[in-house]
Amino acid sequence: QLALDERPAGCLQHHRAHPVAAYGTVTEETTVLVDARNVLRSQWPNVPEDELVGRASRWAERHGRRVVLVFDGTAPGGVLGERALDTRTTLVGSGRESADDWLIREAPRFPGAWLVTSDRALRAAAGRGAGRLVGGGSFLRELDD
């Protein structure tokens with residue numbers, strides 16, 4: 001099971017508004033919004049949830065990115081809502097809302113963010129302001145760089 005810190009739900013909003021208070025430094029890092037279940041299913045056999053979270057977290061650290069992994073329902077570790085795993089990785093469990101709906105609603109709050117999904121409808125709805133659109137399989141391959 002993942003060891004999650006105890007930041008309250010809504011930490012992403014807090015980080016955007018108060019980056020110094022949230023993590024101690026102000027940076028202009030790229031945020032990567034990930035349709036997690038879409039990425040999990042982009043290869044066979046499917047990638048386990050915890051493996052995706054670990055690989056994405058290590059990748060974010062290596063490349064100076066912030067990654068937001070959005071899961072339909074509950075995220076690994078029983079997360080509902082937003083919870084920071086570390087200073088670069090946030091898990092979102094969308095609860096009753098779909099991950100797609102969460103991403104469509106929240107993506108405009110991350111101008112220039114990358115959007116990771118192979119879902120064409122989601123790309124059309126949430127990708128307008130994206131700095132980069134990345135397919136799920138491509139993202140998995142990129143995690144190993």
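This structure is a prediction, so every number in the text was calculated from the model and none was measured. Positions are given from 1, in the same order as the sequence printed here.
- No donor-acceptor contact under 3.5 angstrom links the side chains of Ser94 and Asp101, judged on distance only.
- No donor-acceptor pair closer than 3.5 Å links the side chain of Arg83 to the backbone N or O of Leu80.
- A distance of 8.0 Å separates CG of Leu40 from CG of Leu140, quoted to the nearest 0.5 Å.
- Identified under the ring-ring contact (aromatic ring centres under 6.0 Å, His included) test for residues 116-145, with sequence neighbours left out: Trp59-Phe139.
- Under the salt bridge (Lys or Arg N to Asp or Glu O under 4.0 Å) criterion, Arg132 pairs with Glu142, sequence neighbours left out.
- At distances below 3.5 Å, at least one donor-acceptor pair connects side-chain atoms of Arg58 with backbone N or O atoms of Gly54.
- When all heavy atoms of Asp144 and Arg62 are compared, the pair lying nearest together is C-NH2, 4.2 Å.
- Salt bridge Arg65/Glu29: absent, no basic N to carboxylate O contact under 4.0 Å.
- Listed by first and then second residue, the salt bridge (Lys or Arg N to Asp or Glu O under 4.0 Å) pairs that reach into residues 117-126 come to none, sequence neighbours excluded.
- Ala126 is linked by a side chain to side chain contact (heavy atoms under 4.5 Å, CB included) to Ile104, Ala107, Leu115, Leu122, counting only residues two or more places apart in sequence or in another chain.
- With values rounded to the nearest 0.5 angstrom, Thr30 atom OG1 is found 6.5 Å from Trp114 atom CH2.
- Sorted by first and then second residue, the side-chain hydrogen bond (donor to acceptor under 3.5 Å, both in side chains) pairs with a member in residues 34-43 read Asp35-Thr117, Arg37-Glu49; sequence neighbours excluded.
- Among residues two or more places apart in sequence or in another chain, the salt bridge (Lys or Arg N to Asp or Glu O under 4.0 Å) test is passed with Arg141 by none.
- Across every non-hydrogen atom of Leu52 and Leu143, the tightest pair is CD1-CD1, 3.9 Å.
- Summarising the geometry of Asp50 relative to Pro76, their closest heavy-atom pair is OD1-CB, 3.4 Å, with the distance given to 0.1 Å.
- The distance from the CZ atom of Arg96 to the CG atom of Asp72 is 15.0 Å, given to the nearest 0.5 Å.
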Start with the C-alpha distance between Val32 and Val116, add both sets of side-chain angles, then the distance that settles side chain to side chain contact (heavy atoms under 4.5 Å, CB included), and finish with yes or no.
CA-CA 7 Å; Val32 181; Val116 177; 3.6 Å; yes
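- Here the CD-CZ distance, from Glu61 to Arg88, works out to 5.0 Å after rounding to the nearest 0.5 Å.
- Between the OG1 atom in Thr90 and the CG atom in Leu85 there is a gap of 8.0 Å [rounded to 0.5 Å].
- In terms of heavy atoms, Ala75 sits closest to Leu91 at CB-CB, 4.1 Å.
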Please assess Val92 against Leu69 for the test side chain to side chain contact (heavy atoms under 4.5 Å, CB included), listing each intermediate value before the final yes or no.
CA-CA 6 Å; Val92 175; Leu69 297 152; over 6 Å; no
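- A donor-acceptor contact shorter than 3.5 Å links the side chain of Ser118 to the backbone of Gly136.
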Mind running side chain to side chain contact (heavy atoms under 4.5 Å, CB included) on Leu103 and Phe110 for me, showing each step along the way?
CA-CA 10 Å; Leu103 287 161; Phe110 296 89; over 6 Å; no
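- Residue Asn46 holds its CG atom at 11.0 Å from CD of Glu51, rounded to the nearest 0.5 Å.
- At least one side-chain heavy atom of Ser57 sits less than 4.5 Å from a side-chain heavy atom of Asp86.
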